[in-house]
> 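Shown below is the structure under consideration.
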Amino acid sequence: MRFTTRREFLRASTAAALSAAVPVDLFAQAAAAVPSASSSAWDSGSVSHLLPTVSDTRMLIKASFNAPLEGTPRLRVDDHTVQGRMADTRGEHWHFYATQLLPGRRYPLSLISSTGRSLCQPWELATFPSPDEHPQKLRVLFYTCAGGHALMTDFLPPAVRNRLLRRGLAFQPDAVVANGDHVYWDLLSPRTSRISGASPRGEKIAGKFDRAGVVLGGNNEAVLKRAAGPQIVPVYGTDFRSTPVFFLQDDHDYFDNDAATDEIITFPPSYFMLQLARATQNMYYPEFLPDVARPLGLPWSSAADRASGVSECFGTIRYGRLAEILLYDIRRTQTLAGPSAVFVDPEAEKWLMARTSATDVTHVVHAPSNPPGWSAGKWGEWYPDVTGSNRTLTTARPKAYWQSGWLKQHDRLMQAISAMRGRVPLVISGDMHAIAMGRMMRSGALDLTANPVNVVLSGPVGTGASGWPSTGLRGTPAQPPTHLDLDEQVKPIEQHGFTLADFTPDKIVLQFVKWDVKTQSVKDIDALQPFHTAELHRPT
Ligand SMILES: [Fe+2]
């Protein structure tokens, strides 16, 4: 089935999803959702979705089109012309990589077909300030877990997710961090695959992957698009065309839940999982652009089949000398080596340590793809806690296949973050379906009270009724693990939402926004305001 416009797609997916176990009135409200003024005023033409990222001198734009393009499309960036590069084998997905741009400059962009036809209305996108400049403010929007297929049970409808994200965009962030789990289509995890990609319903919707087959160029490519496309295209559309995005991958982006049993351990990802994750990223959302302070040879960086010098799992938001946000996917390089095991590759850890101790940027923030601060008893967490009795966590029982080296790496990172002088220690993470904020006072034997590490759960966007920690498979709300003393200023709230971080030279201000699907209407999303604000001043 092919949809000629994004609105047709939304209407069809919304109608079909009525059969899924999501409140009917929610879908009715979603179907009635009115596009924002900017969406309706801007003509997306034949573009189905478009997601850009920028650095000080580069732009990388991923786009899909509502029909395969016959010839190579071009991106015009002011008076530069960039040839598109195909990301699939049918010509539906393209990316555009502009380099040698000027820092801190707003550029007019246009997408043009091989025959010279406009593929959408022109728009604008700005580069970041150069690493040596001193901008006075930066606003970043953070959220996690925006995935979920409309035809599968138990995810927030894509139109509602889009509305939440458009509310986030209304606060006019300079950058957006989408921290992991953009796609839920688990294939092997013993418990979740049966209600996800490996279920009869999942296979009816998308087809069945051949795990020994190539991902691009055969039937697997069509299966991948049917599984992943409806989780991303209607959620973003072209709404982010002028806002640079930074998409980290987490467990589900490798098409599985992090899980370990005697039968299977899903991470580190198998070859096939890697190909699915890489192909999804290549087609739908941008990799991380090179950064002056991030080595080009970190794992999964500078691959020959990608835009020159980009990294697939280690990223940087570098905004002059005001702020640097270190983004790291902890799944792809995790090892199972007991006390010497890591989540983050040792060379990437060296990069994190070097940037954390360097003094050339005012604010340095860590954004790992899974959460320091809280646990819900899941295998692939930093902490050894498992679900105990009465919805509590315990370390009295060992967590099978959990690696003590992961926690050692956690402590090395937290120690380095706390040791920053003259800075706000701050970690804003993904993966956990909750909104929370706390101060880490102790981590194991480390006394952090001299400069506690502020930890934040940024807020989920796509979670369904049974996807919350306390309603999920383990039935345990997110709680501080035994390893930590955590001063919880906002205890984990199981609602949808996002976090805004405002950076100025003397402080970071965090604003938390939440929306309660049980008590609030979809229309209420358009007027959401922060329910909690935290001012984190630099120590003097
Ligand atoms: Fe995750």
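Since the structure is predicted, the reported quantities are computational estimates derived from the model, not experimental observations. All ligand and atom numbering here is 1-based and tracks the order in the structure.
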> Under 2.8 Å from the Fe ion (ligand 1), is there any N, O or S atom belonging to D181?
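Yes - counting backbone and side chain alike, D181 has an N, O or S atom under 2.8 Å.
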> Could you pull out the atom name of the N/O/S atom in D250 that is nearest the Fe ion (ligand 1)?
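In D250, the heteroatom (N, O or S) nearest the Fe ion (ligand 1) is OD2.
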> By atom name, which N, O or S atom belonging to D251 lies closest to the Fe ion (ligand 1)?
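Of all N, O or S atoms belonging to D251, OD1 is the one nearest the Fe ion (ligand 1).
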> Check the side chains of H93 and N282 for a donor-acceptor pair under 3.5 angstrom, ignoring hydrogens and angles.
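The answer is no; no qualifying pair exists.
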> Which is it for H483 and T395 under the side-chain hydrogen bond (donor to acceptor under 3.5 Å, both in side chains) test, yes or no, and what are the steps along the way?
CA-CA 9 Å; H483 190 73; T395 52; over 6 Å; no
> Tell me which N, O or S atom of D431 sits nearest to the Fe ion (ligand 1).
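The Fe ion (ligand 1) is closest to the D431 atom OD1, counting only N, O or S.
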> Between D345 and T333, do the side chains contain an N or O donor and an N or O acceptor separated by less than 3.5 Å?
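There is no such pair (donor and acceptor under 3.5 Å, judged by atom type) between the side chains of D345 and T333.
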> Do the side chains of D253 and F247 get nearer than 4.5 Å, heavy atoms only?
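Answer no - side chains too far apart.
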